[in-house]
Undergrad: 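Sending over a structure as C-alpha cells; questions will come in a sec.
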Amino acid sequence: MKYDYLPKQDPAVWQIIKAEEQRQNDEIELIASENYVSPAVLEAMATVLTNKYSEGYAGRRYYGGNYNIDDIETLAIERAKELFSAEHVNVQPLSGSPANAAVYMAFLNPGDKVLGLKLDHGGHLSHGHSVNFSGRLYNFVQYGVDPESGIINMESVREIALREKPKMIVAGFSAYSREIDWRGFQDIADEIGAYTFADIAHIAGLIAARQLDNPVPIFDVVSTTTHKTLRGPRGAIIMCKEKYAKQVNSAVFPGMQGGPHNHITAAKAVAFGEALKPEFKEYAGQIIKNAQAMADEFMRRGYRIISGGTDNHLMVIDLGNKGLAGKEAEKVLERIGVSVSRSTIPNDPNPPLNPSGMRVGTPAVTTRGMKEEEMKLIVSYIDRALGNKASEKELQSLKDEVKKLCYRFPIPTK
Ligand SMILES: *Cc1c(COP(=O)(O)O)cnc(C)c1O
C-alpha cells in the first residue's frame, strides 16, 4: 500500500493496517462472504466524498451543494439497474442488515407474519432469528431444507405458506449451496397474495454475471450486500419494481438511515462498472468451477458436503465423521493460515457456538487468480491439518506451504 500521510502522522494505526494487509496476503481466505476489492474500489473509498452530508435523493436533498453527489449516486443507480435488469434501485443502504430492516419497514408492520429459512439450515440472522431485530419485531415462521437431501423442498415450503399465510416470503441464504427456484417461490406467494423478498447478499456477483438465475425481474423486492461475490465496498443496495420505489426509498431515508456514505456510493459505482465488464463474467464462472473442484476433492477424501455438492461459490461441510466440530476446525486451520467459518448443519445436534460444520467458499481465492489445481492443493492442506491437529511440526510445515502458495497469487492492493 502506498500512503503519504497516515504512516507518518499515526504510526499506531498504520502498523495495524499494514499487519492486516500482510495477513491477507500470507493467508488463504475461504470465508464465503469475503473478497478482495480492486485498487480502484479502494481508491474511490478514500476520497473527499466522505465529507458531504446528502440526506434525501438526487434533486431532492435536505442540504445544499449536492450536485456532484447527485451525479455519483445517479451513476451508481444506472449501473446497478443495468447489472441486475432492475426497475428501481436504492444504493444508500449502509450494509446488508440495515437494507433488510428497510425492506421489512417498507412492506410490513411490526407483528406481521413473514416466512423465512431457518438460521441453522442456511438462513441469515436478519431472516427472523430471535436475537435479531427481525425476530423481535416481526412474527417469523420458518421453513427448512429436506433432512435427507439438504435441498429446499418447494412442496413443503408451499404447505407451510398455505397454512401460515405470511404477508411476505423471504428467499436467499448465507449457507446454502444450491440453485434457488425463484419462480417457484413467486408462484407460491401468488397463491396467497404474499410479497416476495430475495436476499442475494452471497450470490449477487454470480447473478450479475448471469451464472445463476436472477430473481430481480421476478420478485417484488431484492436486497444485496455489495462486498461479497459482487466484490465492491462494504455496503448494500435494494432493488424493486417501480411501483414500490417510493415506499422503499422512504424506508431507507428517513425511515432507517440519515445521510448516505457518499464515498462508499462512489466505490459501489466503480465495482458495478467492473462487474459489467466481460472479465467479471469469467471471474464468476471460475468461482463456481473452483467451488465444484473443491467440493469434489473434499468428497474424494471422505468429507460429507450438505446437499452433496454445490451450484454456487460455497459449501457446508459436516465434520461429524472427522472427529472434531466447527470451532476446533476453525482454530486448527487458523494456525496454518487458512480462514474458514464454523457453520451449523441442518438439524445440528451441537449448539450454535460450536456447530458441527464449517463453511468454505471460493470468491476470494478466485480473485487471487487461483484455479481448480490450487483448490485441490488447499483441500489437501486442510485435510492434513485436521488429521494432524496435535502435531506442531506438521502444522508449521503446512503454514509454510500455505504462505508459498499465497506468494504465487498476490492480493490486489494499492
Ligand atoms: C451477509 C448477509 C447479510 C448481512 O450483511 P451485513 O452487511 O453483514 O449486515 C444479510 N443477508 C444475507 C443473506 C447475508 O449473507
Side-chain angles (χ1 to χ4, degrees), residues 29-35 37 41 45 84 90-106 114-129 131-135 137-138 140 142-145 152 168-180 182 185 196-208 212 215-216 219 221-239 251-252 256-257 260-261 264-265 267-268 271 287 291 310 312-316 339-344 352 359-364:
E29 187 55 73
L30 295 182
I31 293 176
S33 49
E34 293 187 19
N35 213 330
V37 297
V41 169
M45 281 190 269
F84 292 99
N90 186 307
V91 295
Q92 294 189 3
L94 303 177
S95 215
S97 289
N100 290 352
V103 168
Y104 298 140
M105 187 181 270
V114 191
L115 181 59
L117 183 69
K118 286 184 195 144
L119 183 71
D120 66 334
H121 288 219
H124 188 260
L125 278 169
S126 62
H127 300 176
H129 197 273
V131 301
N132 185 259
F133 76 89
S134 54
L137 286 180
Y138 304 98
F140 267 83
Q142 308 205 282
Y143 58 96
V145 299
I152 294 167
M168 171 182 272
I169 300 179
V170 187
F173 322 103
S174 298
Y176 184 70
S177 60
R178 292 305 184 176
E179 279 262 27
I180 298 161
W182 305 115
F185 274 103
T196 44
F197 168 30
D199 177 351
I200 59 171
H202 262 262
I203 51 178
L206 307 177
I207 290 170
L212 293 178
V216 175
F219 270 42
V221 59
V222 177
S223 76
T224 181
T225 56
T226 46
H227 49 272
K228 298 179 184 176
T229 51
L230 196 49
R231 210 162 63 177
R234 209 150 271 283
I237 62 174
I238 300 172
M239 299 171 270
V252 174
M256 266 295 297
Q257 297 182 180
H261 293 185
I264 301 297
T265 304
K268 286 174 184 171
I287 290 178
T310 181
N312 58 27
H313 63 299
L314 67 79
M315 67 212 74
V316 176
S339 296
V340 305
S341 40
R342 70 190 81 169
S343 174
T344 53
R359 186 189 67 174
V360 298
T362 54

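Values reported hereafter were calculated over all heavy atoms of this structure, with side chains retained and with hydrogens, waters and symmetry mates removed. Both counts, for ligands and for their atoms, begin at 1 and track the order of listing.
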Undergrad: Where the closest heavy atom to atom 4 (C) of ligand 1 is concerned, which of His202, Arg234, His124 has it?
TA: His124

Undergrad: Tell me whether Ser341 contacts the main-chain N or O of Ile31 through its side chain, where contact means a donor paired with an acceptor under 3.5 Å.
TA: no

Undergrad: Is any side-chain heavy atom of Ile152 closer than 4.5 Å to one of Arg178?
TA: no

Undergrad: As an exercise, identify every atom of ligand 1 less than 4.0 angstrom from a heavy atom of Thr225.
TA: 5 (O), 7 (O)

Undergrad: So for ligand 1, is Gly172 a polar contact partner (N or O within less than 3.5 Å, distance only)?
TA: no

Undergrad: Just distances here: any N/O of Ser174 and N/O of ligand 1 closer than 3.5 Å?
TA: yes

Undergrad: Donor-acceptor pair, distance only, cut-off 3.5 Å: does the side chain of Asn312 make one with the backbone of Tyr176?
TA: yes

Undergrad: Would you say Lys228 has any N or O atom under 3.5 Å from an N or O of ligand 1, going by distance alone?
TA: yes

Undergrad: Got the closest protein heavy atom to atom 9 (O) of ligand 1, with its distance?
TA: Ser97 N, 2.8 Å

Undergrad: Quick test of your reading of the structure: of Val170, Leu125, Leu94, Asp199, whose heavy atom lies closest to atom 13 (C) of ligand 1?
TA: Asp199

Undergrad: Do ligand 1 and His127 have nitrogen or oxygen atoms that lie under 3.5 Å from each other?
TA: no

Undergrad: Which pair of heavy atoms, one from Val41 and one from Arg231, lies closest together, and at what distance?
TA: CG2-O, 4.5 Å

Undergrad: Fit a plane to each ring of Phe140 and Tyr104, take the angle between them on a 0 to 90° scale, and name the class: parallel (under 30°), tilted (30 to 60°) or perpendicular (over 60°).
TA: perpendicular

Undergrad: Quick one: does Thr229's side chain have a donor or acceptor within less than 3.5 Å of a partner on His202's backbone?
TA: yes

Undergrad: I'd like the name of whichever of Ala201, Ser95, Gly123, Ala198 reaches closest to atom 8 (O) of ligand 1 through any heavy atom.
TA: Ser95

Undergrad: Determine, step by step, whether Asp199 and His124 satisfy the side chain to side chain donor-acceptor pair (under 3.5 Å) criterion, reporting the C-alpha distance in whole Å, the side-chain angles of both residues, the deciding distance to 0.1 Å, and the verdict.
TA: CA-CA 9 Å; Asp199 177 351; His124 188 260; 5.2 Å; no

Undergrad: Could you list which atoms of ligand 1 come closer than 4.0 Å to a heavy atom of His227?
TA: 7 (O)

Undergrad: Looking at Val145, is its backbone amide N or carbonyl O close enough to the side chain of His121 to form a donor-acceptor pair, meaning the two atoms are under 3.5 Å apart?
TA: yes

Undergrad: Enumerate the atoms of ligand 1 whose separation from the nearest heavy atom of Phe173 is less than 4.0 angstrom.
TA: 13 (C)

